[in-house]
Amino acid sequence: ATYLTDFVVYLGDVVTANNIPIANASLYWDQAISPTRSRGIPWASVFGNHDDAPFEWPMEWFAASGIPQLVCPVLNSGKQLDDQNEFPLIFYTMKPNNFRGTSRLELMKNEMDNNVLSLSKSGPQDLWPGISNYVLQVLSKEKPHTPLVYLYFLDSGGGTYPEVISTAQADWFKRISEEINPDSTVPELIFWHIPSKAYKKVAPKFRIHKPCVGSINKEKVAAQEAEMGIMKILVKRPSVKAVFVGHNHGLDWCCPYGQLWLCFARHTGYGGYGNWARGSRILEINERPFSISSWIRMEDGSVHSEVILS
């Protein structure tokens, strides 16, 4: 089937910063989002635990061959080099300050400043060190100023600070959601990178079976380090239909947790660990009759594991 994609969510770990020995990882971040930008599709992103992780020195660099010459892409240049590389490459001489890494704030600022199609936001300053905390609305086609669905994005930490959604973030979600959707009549979908501890409670033990839906269950849930209240708020809010996370490449299931669904995406990109077949989680929102459904679309075009969320 052919899909007309309206919007893309980058669910964290856009880059593996612990493998990037340059001062500005935005060069690679920009290349990672280029397929979406080149197709004219708007997107939003949240941070994962690898995006601003400290650089890890490869042991082989200390052997006789020494530190190699670095090759990296040019930021958003748009000039074609060949059929395999969208951006030209440039050589850098390594210097001590190259290894300081790129902060979440710098990565987000570069994305927003250099891409008119990016709907990402840094979020409130008082939620620091979390950066990607914001809400977007999907508007009705029939009533252009009426929200059809709210999309919430939260920074689940990792990298340069603990893997956790803080009490401050949970309080922010509660306050904003009650302010813009006071009677919970508009459905809400939640996106962050690292699964909460609630995912461990509903995870299939071996094979995936009802009421869960999915195709791979190849590893244990790697959950956040602590639970600071966000899940208690979500389960009490009837408008919250699902939470979507990444992090575990070998999981792609959705399982119910109270009245909402806890869903993984899937091993999607060409980096990171694991050799599972690549696919992505699709979300479809229909206005009339209203419905929210989701399934996995594989790189070869096949689809499976559909679930009705609302």
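Residues passing the salt bridge (charged side-chain N to carboxylate O under 4.0 Å, His left out) test with Lys236, sequence neighbours excluded: none.
Under a 3.5 Å cut-off, the side chain of Asp155 and the backbone N or O of Val46 do not form any donor-acceptor pair. For Asn217 (side chain) and Pro204 (main-chain N/O), a donor-acceptor pair under 3.5 Å exists by modelled atom type. Under the 3.5 Å distance criterion, the side-chain polar atoms of Gln224 are matched with a main-chain donor or acceptor of Ile165. Checking side-chain atoms of Ser293 against main-chain N and O of Val307 turns up no donor-acceptor pair under 3.5 Å.
In this model, no donor atom of one side chain and acceptor atom of the other lie less than 3.5 Å apart for Glu111 and Tyr10. There is a side-chain donor-acceptor pair under 3.5 Å between Asn18 and His50.
In the hydrophobic cluster analysis, where Ile, Leu, Val, Met, Phe, Trp and Tyr join through side-chain heavy atoms closer than 4.5 angstrom, Tyr134 is grouped together with Leu189. Neither Ile208 nor Trp261 shares a network with the other; the hydrophobic side chains, linked directly or stepwise wherever heavy atoms of I, L, V, M, F, W or Y lie under 4.5 Å apart, form separate groups for each. Residues Leu119 and Met112 do not share a hydrophobic cluster, clusters being chains of Ile/Leu/Val/Met/Phe/Trp/Tyr side chains in contact below 4.5 Å. Note on Phe47 and Val245: separate hydrophobic clusters, where clusters join Ile, Leu, Val, Met, Phe, Trp and Tyr whose side-chain heavy atoms are under 4.5 Å apart, directly or indirectly. A single hydrophobic cluster is not seen to contain both Ile308 and Val202; linkage of ILVMFWY side chains at heavy-atom distances under 4.5 Å, directly or through other members, places them apart.
Counting heavy atoms from C-beta on, the side chains of Asn110 and Asp30 never come closer than 4.5 Å. At a threshold of 4.5 Å between non-hydrogen side-chain atoms, the residues Val240 and Phe173 count as touching. Between Arg104 and Asp51 the shortest side-chain heavy-atom distance does not fall below 4.5 Å. Within the 4.5 Å cutoff, the side chain of Asn115 has heavy atoms near those of the Trp43 side chain. Between Lys174 and Arg237 there is no side-chain heavy-atom pair separated by less than 4.5 Å.
The two atoms that bring Tyr150 and Asn181 nearest to each other are CE1-CB, 3.9 Å, heavy atoms only. Considering all non-hydrogen atoms of both residues, Gln31 and Pro35 come closest at O-CD, 3.8 Å. Considering all non-hydrogen atoms of both residues, Ala32 and Val14 come closest at CB-CG1, 3.6 Å. Here the shortest heavy-atom pairing between Gly158 and Glu163 reads CA-CG, 3.5 Å. The minimum heavy-atom distance between His249 and Gly272, with the atom names listed, is CE1-CA, 3.9 Å. Among all heavy-atom pairs drawn from Ser45 and Ser120, the shortest one is N-OG, 2.8 Å.
A distance of 5.5 Å separates NE2 of His304 from CG of Asp252, quoted to the nearest 0.5 Å. Once rounded to the nearest 0.5 Å, the distance linking CD1 of Ile285 with CZ of Phe7 reads 10.0 Å. Here the OG atom belonging to Ser177 is positioned 7.5 Å from the CD1 atom belonging to Ile233, to the nearest 0.5 angstrom. Going from atom OG of Ser156 over to atom CG of Leu11 covers 8.5 Å, rounded to the nearest 0.5 Å. To the nearest 0.5 Å, the span separating OG on Ser34 from CZ on Arg39 amounts to 8.5 Å. With values rounded to the nearest 0.5 angstrom, Ser310 atom OG is found 12.0 Å from Leu260 atom CG.
Here the two cysteines Cys254 and Cys263 have their SG atoms closer than 2.5 angstrom.
For the pair Arg281 and Phe264, the cation does not sit on the ring face, since its NZ or CZ is not both under 6.0 Å from the ring centre and inside 45° of the axis.
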**Item:** Steps toward side chain to side chain contact (heavy atoms under 4.5 Å, CB included) verdict (Tyr199, Asn248)
**Value:** CA-CA 11 Å; Tyr199 275 75; Asn248 282 101; over 6 Å; no

**Message:** Using side chain to side chain contact (heavy atoms under 4.5 Å, CB included), reason through Ser215 and Arg266 one step at a time and then give a plain yes or no.
**Reply:** CA-CA 10 Å; Ser215 68; Arg266 193 187 164 96; 3.2 Å; yes

**Message:** Would Ile230 and Gln169 count as a side chain to side chain contact (heavy atoms under 4.5 Å, CB included) here? Give the steps.
**Reply:** CA-CA 8 Å; Ile230 186 64; Gln169 289 171 285; over 6 Å; no

**Asked** Could you walk me through whether Glu106 and Asp52 pass the side chain to side chain contact (heavy atoms under 4.5 Å, CB included) check?
**Response** CA-CA 10 Å; Glu106 289 176 284; Asp52 71 341; over 6 Å; no

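Counting non-hydrogen atoms of other residues, nucleotides and ligands closer than 6.0 Å to CG of Asn275 gives a total of 12 or fewer. In this structure, Trp276 places its CH2 atom where more than 12 heavy-atom neighbours from other residues, nucleotides or ligands lie under 6.0 Å away. More than 12 heavy atoms of other residues, nucleotides or ligands lie within 6.0 Å of NZ in Lys197, so this atom counts as buried by the packing criterion.
Checked options Leu283, Val213, Val303; the residue passing with Trp295 is Val303 (criterion: side chain to side chain contact (heavy atoms under 4.5 Å, CB included)).
Ionic pairing of Lys141 and Glu287 is not present here: no N-O contact between side-chain nitrogen and carboxylate oxygen is shorter than 4.0 angstrom.
Ring geometry for Trp172 versus Tyr152: interplanar angle over 60°, hence perpendicular rather than tilted (30 to 60°).
A ring-centre distance under 6.0 Å is found for Trp61 and Phe55.
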